[in-house]
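This report refers to the structure that appears directly beneath it.
This is a predicted model, so every value here is computed, not measured.
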Amino acid sequence: MEDTYIDSLDPEKLLQCPYDKNHQIRACRFPYHLIKCRKNHPDVANKLATCPFNARHQVPRAEISHHISSCDDKSCIEQDVVNQTRNLGRERLAESTWQCPPCDEDWDKDLWEQTSTPFVWGTANFCGNNSSASNIVMEHKSNLASGMRVPKSLPYVLPWKNNGNAQ
């Protein structure tokens with residue numbers, strides 16, 4: 001059985017198409033071929049069933065239950081299920097012993113106790129610690145050195161602007 005499994009992994013191995021017996025497809029292209037050939041042969045596709053363990057296995061509908069009970073890929077899937085069940089038990093144990101660390105942060109309180117306001121280029125906002133949010137006094141102050149000014153235009157022309165002329 002081991003040789004058969006290794007053989008099925010060979011990407012260059014030729015496989016026979018279940019829809020057209022004249023088609024010999026490389027294993028690496030087989031899934032793509034199945035999709036295309038199924039569309040081209042709907043009459044044959046209706047007579048075949050897909051194996052739940054390996055979509056490459058297309059068998060006659062009358063034989064699907066026998067194939068499911070004897071499919072080589074069934075053991076791989078069953079082993080994966082067993083491994084996942086074991087790992088799930090370990091994860092649940094780890095989750096049940098974890099405790100949330102204590103937190104002394106209060107973002108709402110921090111917001112009201114803020115002494116500085118957000119930075120806005122070219123302005124400075126001043127707000128007293130004891131003033132409420134509705135009573136904020138804002139002053140305009142340039143942070144540029146004396147003798148310098150903020151440019152009144154951008155260094156390039158915006159496409160929707162027509163040299164300052166009204167449209």
Side-chain angles (χ1 to χ4, degrees), residues 1-112 114 116-123 125 133 151-167:
M1 178 168 163
E2 186 66 33
D3 292 333
T4 309
Y5 182 69
I6 291 172
D7 232 13
S8 67
L9 295 178
D10 180 11
E12 299 301 318
K13 180 181 178 188
L14 291 178
L15 303 173
Q16 186 176 8
C17 173
Y19 301 108
D20 187 339
K21 302 301 179 193
N22 297 318
H23 293 171
Q24 294 290 317
I25 314 301
R26 288 183 301 145
C28 61
R29 298 292 308 158
F30 196 68
Y32 307 104
H33 177 82
L34 282 178
I35 292 169
K36 287 183 175 185
C37 215
R38 182 183 298 134
K39 290 178 183 176
N40 293 335
H41 300 282
D43 51 328
V44 179
N46 289 336
K47 296 176 185 173
L48 297 177
T50 304
C51 171
F53 304 114
N54 188 339
R56 295 176 179 208
H57 299 168
Q58 302 288 316
V59 294
R61 289 193 182 278
E63 299 174 18
I64 190 68
S65 41
H66 177 265
H67 174 83
I68 289 173
S69 63
S70 63
C71 181
D72 291 336
D73 292 325
K74 178 180 179 181
S75 61
C76 296
I77 300 294
E78 288 173 342
Q79 188 60 44
D80 286 346
V81 169
V82 168
N83 290 341
Q84 285 179 353
T85 305
R86 287 180 185 157
N87 290 340
L88 184 62
R90 290 183 196 142
E91 288 172 7
R92 284 187 180 160
L93 177 64
E95 287 177 16
S96 64
T97 59
W98 184 83
Q99 292 182 353
C100 180
C103 179
D104 57 353
E105 291 182 355
D106 184 356
W107 291 6
D108 293 329
K109 181 181 172 189
D110 291 346
L111 183 66
W112 288 107
Q114 245 181 2
S116 65
T117 56
F119 173 78
V120 178
W121 175 256
T123 64
N125 298 334
K152 296 191 187 307
S153 66
L154 298 173
Y156 52 87
V157 177
L158 298 174
W160 60 85
K161 297 266 188 172
N162 189 10
N163 294 334
N165 297 339
Q167 293 182 354

So which heavy atom on [X] is nearest to which on [Y], and how close?
X	Y	value
A45	R38	CB-CG, 3.6 Å
H57	D73	CE1-OD2, 3.2 Å
H33	C17	NE2-SG, 3.3 Å
K21	P18	NZ-O, 3.9 Å

What distance separates [X] [atom1] from [Y] [atom2], expressed to the nearest 0.5 Å?
X	Y	atom1	atom2	value
I35	N40	CD1	CG	12.5 Å
I64	T50	CD1	OG1	7.5 Å
Q84	Q79	CD	CD	11.0 Å
C37	I25	SG	CD1	7.0 Å
K74	C51	NZ	SG	10.0 Å
R29	R26	CZ	CZ	7.0 Å

Q: Please name all residues satisfying ring-ring contact (aromatic ring centres under 6.0 Å, His included) with H41, sequence neighbours left out, ordered by chain then number.
A: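 Counting only residues at least two positions away or on another chain, H41 forms no ring-ring contact (aromatic ring centres under 6.0 Å, His included).
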Q.
Under a 3.5 Å distance rule, please check whether R56 uses its side chain to pair with a backbone N or O of L34 as donor and acceptor.
A. no
Q: List the steps, then state whether side chain to side chain contact (heavy atoms under 4.5 Å, CB included) holds for Q58 with Y19.
A: CA-CA 9 Å; Q58 302 288 316; Y19 301 108; 3.1 Å; yes
(Q) Does atom NE2 (H23) have a neighbourhood of more than 12 heavy atoms from anything else shown, all under 6.0 Å? (A) yes
